[in-house]
Amino acid sequence: MPVDKSEQRVRQMFGEIAERYDLLNHLLSLNVDRYWRWQTVRRVPPGLKGPILDICTGTADLALAYHKAALGHVPIIAADFSHPMLVRGDQKGRQIEGRRNLHFVEADAQQLPFDDAQFQLVTVAFGLRNVTNTDQGLREMARVCRPGGKVAVLEFSMPTQPGLKQLYQFYFRHVLPRIGQTLARNRSDAYNYLPSSVQEFPSGEALCDRMRGAGLSTARHVPLTLGVATLYIGTK
């Protein structure tokens with residue numbers, strides 16, 4: 001049976017785990033998620049002109065990484081449709097000394113409240129697979145990206161190397177959900193949802209094809225940490 005990615009289910013699920021979301025992200029990834037975001041900013045760096053949009057921002061880790069890289073010189077907009085997650089992200093943002101050009105917007109990735117061709121970069125980290133209609137989410141990212149701008153998608157993927165593949169699948173299907181559900185008690189089975197959503201999500205060239213179909217002229221993918229995560233980069 002396909003995983004339930006309805007807007008109501010996803011909004012409820014992330015609302016329930018918002019308080020422990022950062023702790024579990026870093027714990028369950030052994031802090032490697034910080035490295036993946038650093039790689040995203042390094043490979044898709046901010047320019048000096050034009051705002052940056054991070055959709056499905058969650059608690060805004062990638063938005064904050066771009067804010068740091070841009071030294072506050074360009075507007076960073078962090079958007080999500082989960083209010084509790086945005087509250088956590090804003091709390092983290094308020095700890096930045098001399099914070100400026102950092103904005104939080106409650107918005108659905110499938111209906112972004114922004115004009116066409118507005119952003120130099122449009123990014124998403126570990127959130128696109130949670131969008132009910134993946135293609136609509138990609139079309140919206142492409143729509144609001146300006147010509148010549150970049151769209152970056154950081155997402156979990158499954159390693160293909162023999163041995164590592166089997167070990168990772170065991171951890172991902174059996175160990176991670178138990179730890180996650182124990183530490184972030186929730187009624188929505190968020191950490192059982194995680195491996196199911198990753199397994200169903202298109203990866204590699206399959207997602208690149210969908211990015212091109214959404215209106216991006218080029219798309220390529222970069223495996224990270226032996227394929228545990230993948231960075232997709234498209235150009236408008």
Side-chain angles (χ1 to χ4, degrees), residues 1-29 33 36-37 53-64 76-94 102-114 122-141 144 153-158 171-203 207 210 214 229:
M1 180 181 297
V3 64
D4 178 8
K5 297 200 305 180
S6 64
E7 289 89 346
Q8 180 180 357
R9 192 268 172 101
V10 171
R11 184 182 280 111
Q12 177 184 344
M13 178 173 63
F14 282 100
E16 290 177 358
I17 65 174
E19 288 296 317
R20 290 178 174 253
Y21 183 76
D22 287 330
L23 168 66
L24 285 166
N25 268 0
H26 304 324
L27 173 65
L28 295 174
S29 73
D33 63 308
W36 294 332
R37 292 184 182 89
L53 172 65
D54 184 48
I55 69 166
C56 306
T57 195
T59 59
D61 275 347
L62 186 57
L64 294 173
I76 310 290
I77 299 177
D80 202 296
F81 76 169
S82 171
H83 184 75
M85 296 288 272
L86 282 177
V87 169
R88 294 288 295 169
D90 185 55
Q91 289 171 346
K92 289 157 64 174
R94 291 180 185 279
L102 180 61
H103 312 280
F104 290 84
V105 175
E106 194 165 332
D108 188 335
Q110 299 172 108
Q111 296 177 308
L112 293 172
F114 306 110
V122 184
T123 65
V124 59
F126 310 114
L128 184 60
R129 76 178 187 284
N130 302 317
V131 175
T132 304
N133 186 327
T134 301
D135 293 321
Q136 177 61 19
L138 286 170
R139 283 192 292 269
E140 282 291 274
M141 294 179 77
V144 300
V153 178
L154 176 61
E155 193 51 84
F156 287 115
S157 50
M158 286 293 176
Y171 171 76
F172 208 55
R173 293 174 181 173
H174 303 289
V175 179
L176 182 150
R178 291 187 180 183
I179 297 173
Q181 284 299 121
T182 300
L183 295 180
R185 296 183 180 88
N186 63 94
R187 296 174 305 225
S188 303
D189 273 347
Y191 288 90
N192 289 311
Y193 163 92
L194 173 59
S196 299
S197 65
V198 172
Q199 288 170 336
E200 286 192 8
F201 193 69
S203 62
L207 187 59
R210 293 172 83 155

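Residues V3 and S197 share a closest heavy-atom pair of CG1-CA, 4.3 Å. For V198 against M158, the heavy-atom pair with the smallest separation is CG1-CE, 4.2 Å. The two residues P113 and A107 have their closest heavy-atom pair at CD-CB, 3.5 Å. Counting all heavy atoms, side chain and backbone alike, L62 lies closest to A125 at CD2-CB, 3.8 Å. Nearest heavy atoms, A63 versus T57: CB-OG1, 3.8 Å. Taking every heavy atom of both residues into account, L86 and A79 meet most closely at CD2-C, 4.4 Å.
Note that CG of D33 is 6.5 Å distant from CZ of F126, once rounded to the nearest 0.5 Å. In this structure, CZ on R20 lies 14.5 Å from OG1 on T59, to the nearest 0.5 angstrom. To the nearest 0.5 angstrom, M13 atom CE is 9.0 Å from M85 atom CE. D108 contributes atom CG, which lies 12.0 Å from atom OG of S82 (distance to the nearest 0.5 angstrom). With values rounded to the nearest 0.5 angstrom, W36 atom CH2 is found 13.0 Å from D61 atom CG. Between the CZ atom of F201 and the CZ atom of F156 there is a distance of 12.0 Å, given to the nearest 0.5 Å.
Using a 4.5 Å heavy-atom threshold, the side chains of L102 and L64 count as touching. Side-chain contact between F104 and H83 is absent, with no heavy-atom pair separated by less than 4.5 Å. Taking the side chain as every heavy atom from C-beta outward, K92 and D22 approach each other to under 4.5 Å. You'll find the side chain of L53 reaches within 4.5 Å of the side chain of L112, heavy atoms only. Using a 4.5 Å heavy-atom cutoff, the side chains of L138 and L128 are in contact.
Counting only distance, with no hydrogens or angles, the side chain of K5 and the backbone of R129 share a donor-acceptor pair below 3.5 Å. One N or O on the side chain of D80 and one on the backbone of G58 form a donor-acceptor pair closer than 3.5 Å. Although no hydrogens or angles enter the test, the distance criterion places a donor-acceptor pair under 3.5 Å between the side chain of R9 and the main chain of D4.
Listed by chain and residue number, Q110, N133, R139, E140 satisfy the side-chain contact (heavy atoms from CB on, under 4.5 Å) test with Q136 (two or more places apart in sequence, or in another chain).
Side chains of E16 and Q12: a donor on one and an acceptor on the other come within 3.5 Å.
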